[in-house]
Amino acid sequence: MRTFATATLVALMTAGPALAASGPFFSLHNTNFVVLLAFILFIAILMYFRVPTLIAGMLDKRADGIKSELDEARALREEAQTLLASYERKQKEVQEQAERIVAHAKTEAAEAAEQAKEDLKGSIARRLKAAEDQIASAESSAVREVRDEAIRIAIGAARDVVAKSMTAAEGNKLIDAAISEVDAKLH
């Protein structure tokens, strides 16, 4: 810092406007000299009170705060991606299970149709109707199971989110309200 102050003093003393002033440079009547002294005094006061060090410290604290916020944001993003992947995997499993149920229902319907072919023509129509009813029932059952599973997962996720962000009393009130609403919609 002392070399900077020395270099500044030398530069100011050899400056063109300072030499163009009338009279001796090192006089209190020369405004350029007075401005130079005030500037040097100002720089000295800043150095005495260690203002650059304080400013650098404040900037370092701010940078550390920003860095910690960025690290926290990255961690939250990774957690959210993990949670999303988990829910997508669960949704895929539920969809596959529904497809298996439908495939199983179709297989049963085909078996029922073969059995119906062996019976009288009158019983053929009755058995086809039974197979179609069974397929519809299996499909509605599969849809209901998928919906129930999705609701269960959503309730669990909502419970986790609410539990983390609210007090126990508020969380219990919201959980009771959500359960009664879901119960009313399902029945």
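Everything quoted here is computed from the prediction, not taken from an experiment.
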Practice problem: Carefully, step by step, assess Arg89 and Glu93 under the rule side chain to side chain contact (heavy atoms under 4.5 Å, CB included). | Solution: CA-CA 6 Å; Arg89 181 177 35 83; Glu93 289 173 359; 3.8 Å; yes
Exercise. Applying salt bridge (charged side-chain N to carboxylate O under 4.0 Å, His left out), name anything that partners Glu72, two or more places apart in sequence or on another chain.
Key: none
Exercise. Only counting residues at least two apart or in another chain, list the ones meeting side-chain hydrogen bond (donor to acceptor under 3.5 Å, both in side chains) with Gln134.
Key: Glu108
Only distances under 3.5 Å count here; give the side-chain donor-acceptor pairs of residues 45-62 to other protein atoms, sequence neighbours excluded, each with its distance to 0.1 Å.
none

Report all side-chain donor-acceptor pairs from residues 149-157 shorter than 3.5 Å, counting only partners two or more places apart or in another chain.
unit_1 : atom_1 : unit_2 : atom_2 : d
Glu149 : OE2    : Arg152 : NH2    : 2.6

Quiz item: Taking atom CG of Leu37 and atom CG of Asn32, what is their separation to the nearest 0.5 Å?
Solution: 11.0 Å
Quiz item: Atom NZ in Lys106, atom CD in Glu99: separation rounded to 0.5 Å?
Solution: 10.0 Å
Indicate every side-chain donor-acceptor pair of residues 74-88 with a distance under 3.5 Å to a residue at least two apart or in another chain.
unit_1 : atom_1 : unit_2 : atom_2 : d
Arg74  : NH1    : Asp71  : OD1    : 3.1
Thr82  : OG1    : Glu78  : O      : 2.9

Quiz item: For Lys173, what residues pass the salt bridge (charged side-chain N to carboxylate O under 4.0 Å, His left out) criterion, not counting sequence neighbours?
Solution: none
Quiz item: Closest approach of Ser140 and Ser137, non-hydrogen atoms and distance?
Solution: OG-O, 2.9 Å
Quiz prompt | 4.5 Å side-chain heavy-atom contact, Gln95 and Val146 | solution = no
Quiz prompt | For Ala142 against Ile101, the heavy-atom pair lying closest together | solution = CB-CG2, 4.0 Å
